[in-house]
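Quick note: residue numbers are just sequence positions, from 1.
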Amino acid sequence: NTRGGDSNDNIYTSTESSSSNQQFDYLVEKAQRHLREKDADQAFATLAQAYGIDPTSTTIAALFESCLGLKIDLAEELYSTWKNDAGRALSEAELTNLFQDRMGLSSLFIDKEEYDEAGIQLRKAIEEAQYWLSSSLQLPDASTTASSDQLDLTNTQFKHWQPSIDRAQYLLYRTNAACCQWDTYFQDGQQLSQSLSHNASPSGHVQRILHPFDALKFPCISLELASKIAQSYAARALESHGLVDKEETTTDEQRSLRRPTVTVNRKELPTLEQKIRIGYISPDLTSRHPLAFLMQHVFDTTLEQKIRIGYISPDFTSRHPLAFLMQHVFRYHEKSQFSVYIYALSSKVDDGPEVQAIKESCDQFTYLSPSAMSPMELYQRMVQDELDIIVDLCGYAGTSIVAEIMASRCLLQQVNDESSSSAGGNGADCSSRLLPIHVSYMGFPGSVGSSRIWDYSIFDQVVIPPDDEYGIREHYNEALVYMPHCYFVNSHKTVLGREGDGIILANEEERIQLRAKYGIHPRAFVYCCHSRPDKIDPSTFRTWISALSTARSEYFAKHADERKLDSSKSGAPVLWLLRSGKEMEENLRQLVRKDFGESMEDALLFADVSERNEHLRRLGCADVFLDTPAYNAHTLGCDALYLGLPMISLLRNNSGDNQADSMYDDQSIIATDKLASRVGASLLRSAEMEDLIYPNMSDYEDAMVKCALNSEWFESIRNRLRSSVLLSPLFDTERWVRNLEASFMHMKSMNDKQSNRLPDIIVTDP
């Protein structure tokens with residue numbers, strides 16, 4: 001049997017299952033016969049039937065790869081003869097098929113982490129399409145492949161090709177980033193940015209080609225463009241309900257208007273007579289009730305006294321960092337004032353320890369299946385619990401369903417406004433302010449792009465300076481809650497414990513033994529970055545290797561006899577990275593050999609992806625953690641700091657201090673104005689380690705060298721971090737929850753929710 005599915009999950013009876021297996025095997029054999037006969041079209045059609053029976057089969061994936069490869073080989077012959085004036089003109093339909101086949105084959109390669117092969121297919125798809133289009137338009141440079149900035153399709157009969165080419169360029173950049181293939185990194189990034197900027201829709205929205213999360217991660221995408229991409233996806237969420245986006249494209253005049261602020265001191269807040277109901281939402285909620293039923297619950301004024309908060313997310317699973325980070329957060333809500341509802345958007349029950357801890361600390365835990373209910377039905381189900389506040393822990397992270405669920409409120413508001421208007425104003429008491437307050441938090445580290453769907457996002461004054469000195473705040477449509485310390489919460493203190501609890505290394509002997517397992521010399525100074533490789537950029541990597549080269553030169557000046565030993569036998573400094581396929585490792589080794597010499601290649605060590613506890617334990621083998629400037633370590637940053645691992649992070653002051661990065665041109669300087677590139681600094685400030693935040697890469701590099709060579713200074717840094725872990729605000733989860741509750745109380749107490757410009761809330765914690 002060539003099927004890849006688990007028979008235990010089969011919905012058929014044994015007789016039906018047997019028949020299905022026979023049909024599947026028959027189709028596989030038939031497809032293989034078509035491939036031997038080089039009949040690619042028939043093979044593809046047959047495989048599509050087999051895929052419908054078992055989409056999880058690895059055999060089908062392999063045969064699709066062979067089939068698409070055959071189709072491309074046959075098409076290339078036709079394309080080549082036309083391009084060399086030896087054959088008939090290639091039709092647009094033939095080019096379209098070739099383009100789509102290359103895109104499909106690249107996706108299969110990406111699934112197998114064969115990124116180089118995927119990149120080859122994507123680049124060929126772009127070049128072939130651009131050449132054909134320039135030839136068809138009879139451009140002067142039709143004899144050579146046109147670049148996207150030369151090929152403007154806006155006012156041509158081929159303008160429908162632009163999104164496809166832009167999509168391929170996006171996937172090419174993303175694929176190359178995943179394996180650290182940086183030969184054309186900055187050129188491809190500039191081309192991607194220009195394409196997205198120049199090809200906006202008539203409404204002013206950026207095309208929905210680049211995912212909002214990638215917009216935060218890619219250094220080629222500016223803060224302004226990333227915010228516009230989020231606005232575009234917010235508009236899509238509204239469109240899913242038949243609503244027109246009215247206000248999400250922000251003008252310069254609108255951005256110049258300062259949002260009012262209010263300061264809330266959590267220690268001075270009176271105890272509310274009413275309790276706040278908090279609801280957290282996740283992607284598996286469903287509801288089939290008509291609007292009229294929902295309106296009953298929304299406008300029923302006989303609510304309980306507590307403030308009801310609902311948290312929603314698809315990531316309440318033991319596999320996701322969200323559940324790991326927040327597993328002990330909900331237990332600290334003041335039960336006399338708050339009721340906590342958790343909504344897990346999933347059709348599968350998860351009994352992992354993280355989820356179990358969450359279930360035990362909330363008033364109600366509900367699984368909601370987005371496959372069984374529409375976004376509106378899911379929203380109705382939540383509102384039936386009479387929530388005062390809904391906290392979206394997802395945003396655009398991975399799925400669009402949560403944004404569509406949150407956008408359901410806008411449709412209810414519209415229906416309510418129309419009902420009130422038709423009643424001659426008598427329905428004013430049923431105003432939309434009685435619908436739940438919407439808050440975005442944690443899942444999406446950037447602006448969600450809409451003040452209609454979300455009222456507030458929760459951040460802090462490091463990631464978004466409130467005075468907007470650097471022009472950052474103006475790119476956030478929604479009102480903001482400024483937490484007094486780091487906005488990024490964690491449960492490390494209660495989950496990981498301290499030395500001797502099984503995760504944190506108990507002593508130096510245990511550390512040496514674990515180092516031996518990973519081929520690390522007991523005496524070597526270890527620079528570590530176990531962030532995903534696509535967070536690393538070539539400028540930062542060269543800085544790391546430059547600092548490493550300096551530190552190793554100093555070491556070998558004192559230990560010349562170790563110069564020719566491999567890393568496991570030498571105490572020279574090393575750089576320890578997370579491996580993401582063989583291609584990623586070879587690409588980095590090749591860059592080091594080319595730019596720094598073959599002797600430096602031995603300084604690179606790689607660790608495989610591991611389960612969480614092993615990852616945490618092995619971090620204890622390192623000496624210093626290197627933050628990635630384009631997209632900082634979030635969960636990993638908390639891991640490193642809690643384990644007593646100093647972290648070096650970049651935070652530019654936007655004052656033109658980039659001259660210190662003199663080894664790079666302006667194009668390769670990584671900005672730190674996007675929120676995801678400022679989290680490391682926020683973590684360090686909250687851990688009371690601000691002196692490890694550096695304003696430029698030159699100082700960042702000097703700090704790396706100083707860590708390895710100035711042992712007295714480095715030990716003082718490490719000892720200070722380790723002594724402050726238990727006391728710093730960063731790991732005081734209960735204190736963080738109290739500050740969050742202060743903001744919730746203020747939201748609930750505000751009477752004028754009709755205002756189009758809610759105030760920013762600054763929470764103080766003296």
Requested in this report: Please report the closest heavy-atom contact between Trp713 and Cys707, naming both atoms and the distance.
Outcome: CZ3-SG, 3.7 Å

**Report entry** Nearest-0.5 Å distance that lies between atom CG in Leu692 and atom CG in Leu651
**Finding:** 13.0 Å

Query raised in the report: To the nearest 0.5 Å, what is the distance between CG (Leu675) and CD1 (Ile464)?
Result: 5.0 Å

Report task. State yes or no: are the ring centers of Tyr332 and Trp736 separated by less than 6.0 Å? Result -> no

Query raised in the report: What about His492 and Phe324, are their ring centers closer than 6.0 Å?
Result: yes

Report task. To the nearest 0.5 angstrom, please state how far the CD1 atom of Ile405 sits from the CZ atom of Arg409. Result -> 14.0 Å

**Report entry** From Thr764 atom OG1 to Met483 atom CE, the distance as rounded to the nearest 0.5 Å
**Finding:** 11.5 Å

Query - Separation between CG of Leu641 and CZ of Phe625, rounded to the nearest 0.5 Å - result: 9.0 Å

Requested in this report: Tell me, with the steps shown, if His746 and Tyr456 meet ring pair (Phe, Tyr, Trp, His ring centres under 6.0 Å).
Outcome: CA-CA 12 Å; His746 187 77; Tyr456 286 96; 8.6 Å; no

Query - Heavy atoms of other groups near Arg720 CZ, more than 12 under 6.0 Å - result: yes

Query raised in the report: Is Glu354 salt-bridged to Arg612, cutoff N-O under 4.0 Å?
Result: yes

Query - Ring centre gap for Tyr482 and Phe459 strictly below 6.0 Å - result: no

Query raised in the report: Would the number of heavy atoms belonging to other residues, nucleotides or ligands and lying under 6.0 Å from CZ of Arg532 be above 12?
Result: no

Report task. Could you tell me whether Lys517 and Glu614 have a side-chain N and a carboxylate O separated by less than 4.0 Å? Result -> yes

Query - SB check Arg319 Asp315 (cutoff 4.0 Å) - result: no

**Report entry** Lys493 side, atom NZ; His328 side, atom NE2 - distance, nearest 0.5 Å
**Finding:** 13.5 Å

Query raised in the report: What do you reckon, is CD of Glu509 surrounded by more than 12 foreign heavy atoms closer than 6.0 Å?
Result: no

Query raised in the report: Is any NZ, NE, NH1 or NH2 atom of the basic residue among Asp623 and Arg515 found under 4.0 Å from an Asp or Glu carboxylate oxygen of the other?
Result: yes

Query raised in the report: Between Phe714 and Phe525, does a ring pair (Phe, Tyr, Trp, His ring centres under 6.0 Å) hold up when you go through it step by step?
Result: CA-CA 11 Å; Phe714 181 69; Phe525 189 91; 5.2 Å; yes

Query raised in the report: Taking 4.0 angstrom as the limit, do Arg738 and Asp732 come out as a salt bridge?
Result: no

Query raised in the report: Would you say the ring centroid of Tyr379 lies under 6.0 angstrom from that of His438?
Result: yes

Query raised in the report: Hey, are Arg473 and Asp760 close enough for a salt bridge, meaning a charged N less than 4.0 Å from a carboxylate O?
Result: yes

Requested in this report: Indicate yes or no: at least one non-hydrogen side-chain atom of Ile401 is less than 4.5 angstrom from one of Pro375.
Outcome: yes

**Report entry** Axial cation check for Phe365 ring with Lys359, 6.0 Å and 45° limits
**Finding:** yes

Query raised in the report: Should the pair Trp454 and Tyr396 be assigned to parallel (<30°), tilted (30 to 60°) or perpendicular (>60°) ring geometry?
Result: perpendicular

